[in-house]
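This structure is in structure tokens; I'll ask about it shortly.
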Amino acid sequence: MGLSSDIHETPGSDLPVTGRRLVVIFNPVAGSRRPGFLDVVAAAARAEGAGLEIWETGAAGDAERMAMECACAGRADVVVAAGGDGTINEVVNGLAAASRKGARACALGIIPLGTANVLAHELGLSFRAGALGRLLATGAAVAVRAGQANGRLFTMMAGVGMDARVVAGIDPAVKRRLGKGAYALGSLREIMQGPGLDYRVAVTSPDGTVSHHKAASCIICNGHYYGGTFVLAPQARLSDAAFQVVLFQRPGRMAALSYAAAMVLGTIPRRRDVTILPALAVSVEGPAAEPVQGDGDIIAHLPLTVALVGGILPVLAPS
């Protein structure tokens, strides 16, 4: 990724504590869920001495382009994604693109405005505007390792199977109206369609051995939260040099319903029909062009190759 090539250095250690320059890339669609919240965060950051610009997106892809242009122009110490996990994903990919062009590394800041805000929960961010503003203006960064799915970066997870088909089938207008309810309706639709597809999954473990599996769904976890604060892979951490691969092995309507209930109850890791494995790399084969979701958006299609990127991303988070 090139954002910071050495995991042993303090991430973002050169961030100024006073007079920090922030560029906020704001997704107004996500922002409509918390009207006025961004303004309060911005006021709190400015009160701490930060300079702050707000760049508003208008279409998919804008956040990625804006992040790349901002970093390449040296406009910010911190590029802030104000939106949901999809907006964060675009900003991360934009910062990585700028790094490949030789731009100085910027830290990532987050103002959670989305439906699930999985990365914000994983980082332990406050959802109070004043605390967020102070963190953006003066806070330190932690090291986050990103994954790469067919060349596209993700921070929290990549998935194949039911969750990816749910994401692919959601109408953006319904998502704006119903929020998490749109995912519940999409999940019900997928469950009613009956038995799922079989995927062939090859997992490269940290010791280099490769194991082969069949699964009805596969979620490659970089953090332990999923869909908000549901826990799929208790051992997964953003700073670790390995993923946790969650293999759902039983297809069919009843299996899907029981998996959904187990996720709510927090019992997925204890199920005998779920296998969780540490991995350095994962490949998945199945029906051509099946969607792959990453951080809650479709980022690739099968066949899929997933690996950890070499560098780290400095992300502002509570110490």
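Only this structure's heavy atoms are used, side chains among them; waters, hydrogens and symmetry mates stay out. Residue numbers start at 1 and run along the sequence shown. For clarity, every value in this text was computed on a predicted model and none was experimentally measured.
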How would you list all residue pairs meeting ring pair (Phe, Tyr, Trp, His ring centres under 6.0 Å) that involve residues 220-241, not counting sequence neighbours? none

Taking only residues two or more places apart in sequence or in another chain, which ones pass salt bridge (Lys or Arg N to Asp or Glu O under 4.0 Å) with Arg46? none

Enumerate the salt bridge (Lys or Arg N to Asp or Glu O under 4.0 Å) contacts for residues 200-221, please, sequence neighbours excluded, ordered by first and then second residue. Arg200-Glu285

Check this for me, if you would: do Arg152 and Asp295 make a salt bridge, where the nitrogen-to-carboxylate-oxygen distance has to be below 4.0 angstrom? no

Pairwise ring pair (Phe, Tyr, Trp, His ring centres under 6.0 Å) hits with a residue in residues 67-108, at least two apart: none

Qualifying residues under side chain to side chain donor-acceptor pair (under 3.5 Å), relative to Glu48, sequence neighbours excluded: none

Between atom CG of Asp297 and atom OG1 of Thr87, what is the distance when rounded to the nearest 0.5 Å? 8.0 Å

So, are Asp77 and Arg20 salt-bridged, with charged N and O less than 4.0 Å apart? no

Answer with yes or no whether the hydrophobic clustering places Leu280 together with Leu153; edges join I, L, V, M, F, W, Y residues whose side-chain heavy atoms lie under 4.5 Å apart. no

Testing the basics here: between Met66 and Glu56, what is the closest heavy-atom pair and its distance to 0.1 Å? CE-O, 3.2 Å

Asp62 side-chain N/O to Ala59 backbone N/O, donor-acceptor pair under 3.5 Å: yes

Determine whether Thr155 and Val92 make a side-chain contact, defined as any pair of heavy atoms from C-beta on separated by less than 4.5 Å. yes

Output all residues satisfying side chain to side chain donor-acceptor pair (under 3.5 Å) with Ser283, sequence neighbours left out; order by chain, then residue number. none

For Ser217, which residues count as a side chain to side chain donor-acceptor pair (under 3.5 Å) partner, sequence neighbours excluded? none

How about Ile268 and Phe248: do any of their side-chain heavy atoms sit closer than 4.5 Å? yes

Residue pairs passing the side-chain hydrogen bond (donor to acceptor under 3.5 Å, both in side chains) test where at least one lies in residues 67-76, sequence neighbours excluded: Glu53-Arg75, Arg65-Glu69

With sequence neighbours excluded, what pairs up with Asp273 under the side chain to side chain donor-acceptor pair (under 3.5 Å) test? Arg250, Tyr259, Arg271

Taking only residues at least two apart or on different chains, which pairs with a member in residues 127-158 satisfy ring pair (Phe, Tyr, Trp, His ring centres under 6.0 Å)? His121-Phe127, Phe154-Phe243

Among all residues two or more places apart in sequence or in another chain, which pass the side chain to side chain contact (heavy atoms under 4.5 Å, CB included) test with Asn150? Ala300, Leu304, Thr305

A side-chain contact here means heavy atoms from C-beta on lying under 4.5 Å apart; do Val80 and Ile25 qualify? no

For Ala50, check side chain to side chain contact (heavy atoms under 4.5 Å, CB included) against everything at least two apart and list the hits. Leu22, Ala45, Ala137

Using side-chain heavy atoms (C-beta onward) and a distance below 4.5 Å, is Thr57 in contact with Phe26? no

